[in-house]
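All remarks here apply to the structure that follows.
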Amino acid sequence: MFDKDGTLTAQSLSKAHRKPLRGVACGVLVAIGISLCFMPLAGSTSSKDYVDYKTYALYLLDFNVKEYKCLATLYGKESAWNPEAVNGSHYGIPQGNSEWLKDQDGYAQVRWGLDYIGNRYGEPCIALDHWKKYNWH
């Protein structure tokens with residue numbers, strides 16, 4: 001099977017060599033199957049485990065950097081991106097007047113805040129302009 005230089009020259013296709021190859025193939029398939037069982041989040045869109053609140057907001061804004069900068073300024077002034085921030089009856093990163101925000105993680109707060117801004121102002125830069133004029137949004 002090997003020549004004098006150690007190069008593989010030919011491989012026998014006899015049944016004697018097929019059985020070990022089938023065993024290796026079965027072992028590889030079993031290993032792949034087992035590894036897939038231990039990766040429940042593989043391919044998921046759950047960004048919570050991988051990014052911070054600011055990057056998540058940028059993602060939710062479809063990477064619109066202009067609107068993200070406005071949002072970052074607004075939330076930086078409102079809560080410093082702290083999901084536990086409280087100001088009277090206003091809670092979380094967006095400082096929303098909702099008790100629900102108290103019990104939510106920062107990602108849910110960012111989604112809530114962007115929904116609020118979208119419904120009330122249309123986009124973060126308009127919300128920031130309103131905040132600059134009235135000191136609330």
Side-chain angles (χ1 to χ4, degrees):
M1 294 215 186
F2 293 98
D3 64 10
K4 65 180 178 172
D5 298 321
T7 306
L8 183 62
T9 57
Q11 188 171 6
S12 170
L13 295 177
S14 71
K15 290 184 180 181
H17 291 283
R18 285 188 199 160
K19 191 164 183 151
L21 291 176
R22 282 190 185 147
V24 170
C26 286
V28 168
L29 288 175
V30 168
I32 290 171
I34 290 171
S35 67
L36 289 175
C37 291
F38 293 108
M39 298 187 330
L41 295 178
S44 80
T45 57
S46 173
S47 55
K48 294 180 183 181
D49 299 330
Y50 308 106
V51 298
D52 61 11
Y53 306 131
K54 293 177 183 180
T55 306
Y56 185 61
L58 180 61
Y59 165 76
L60 292 176
L61 290 168
D62 292 325
F63 298 96
N64 182 331
V65 175
K66 177 184 176 243
E67 293 300 326
Y68 168 75
K69 286 181 179 180
C70 292
L71 184 73
T73 300
L74 182 63
Y75 285 177
K77 294 188 178 293
E78 288 281 358
S79 66
W81 290 88
N82 179 0
E84 297 177 9
V86 177
N87 184 9
S89 62
H90 296 80
Y91 305 99
I93 293 171
Q95 288 295 284
N97 189 8
S98 171
E99 292 267 334
W100 179 81
L101 286 170
K102 280 197 296 191
D103 301 322
Q104 302 305 309
D105 64 17
Y107 302 100
Q109 292 177 9
V110 168
R111 283 192 307 273
W112 184 94
L114 285 172
D115 285 344
Y116 171 80
I117 288 171
N119 289 326
R120 184 170 176 105
Y121 303 102
E123 56 191 33
C125 288
I126 296 172
L128 179 62
D129 290 341
H130 185 274
W131 186 88
K132 287 177 178 177
K133 186 173 182 180
Y134 300 105
N135 205 28
W136 64 272
H137 79 288

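For residues 65-88, the set of pairs meeting the ring-ring contact (aromatic ring centres under 6.0 Å, His included) definition, not counting sequence neighbours, comprises Tyr75-Trp81. Residue pairs satisfying the salt bridge (Lys or Arg N to Asp or Glu O under 4.0 Å) criterion with at least one member in residues 83-102, sequence neighbours excluded, are listed as follows: Glu99-Lys102.
Side-chain contact between Ile117 and Leu71 is present, with heavy atoms from C-beta onward closer than 4.5 Å. Taking the side chain as every heavy atom from C-beta outward, Pro94 and Tyr116 never approach each other to under 4.5 Å. The shortest side-chain heavy-atom distance between Lys77 and Trp131 falls under the 4.5 Å cut-off.
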Check: So His137 and Tyr121, side chain to side chain contact (heavy atoms under 4.5 Å, CB included) or not? Walk me through it.
Finding: CA-CA 9 Å; His137 79 288; Tyr121 303 102; 3.7 Å; yes
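Using bins of under 30°, 30° to 60° and over 60° for the plane-to-plane angle, the ring pair Tyr59/Tyr56 lands in the parallel bin.
Taken to the nearest 0.5 Å, the CD atom of Glu123 stands 11.0 Å off from the CG atom of Leu128. Considering CG of Asn64 and SG of Cys70, their distance stands at 9.0 Å, rounded to 0.5 Å. Note that NE2 of His130 is 5.5 Å distant from CZ of Arg120, once rounded to the nearest 0.5 Å.
The nearest pair of heavy atoms linking Tyr53 to Gly106 is CE2-CA, 3.4 Å.
Leu74 and Val65 fall into different hydrophobic clusters, where Ile, Leu, Val, Met, Phe, Trp and Tyr are joined by side-chain heavy atoms under 4.5 Å apart, directly or via other members.
Side-chain atoms of Gln109 do not come within 3.5 Å of backbone N or O of Gly92 as any donor-acceptor pair.
Under the side-chain contact (heavy atoms from CB on, under 4.5 Å) rule, Ile93 has a single partner from Leu101, Asn82, Val110, which is Val110.
Checking His90 against Glu78 by side-chain atom types alone, no donor-acceptor pair falls below 3.5 Å.
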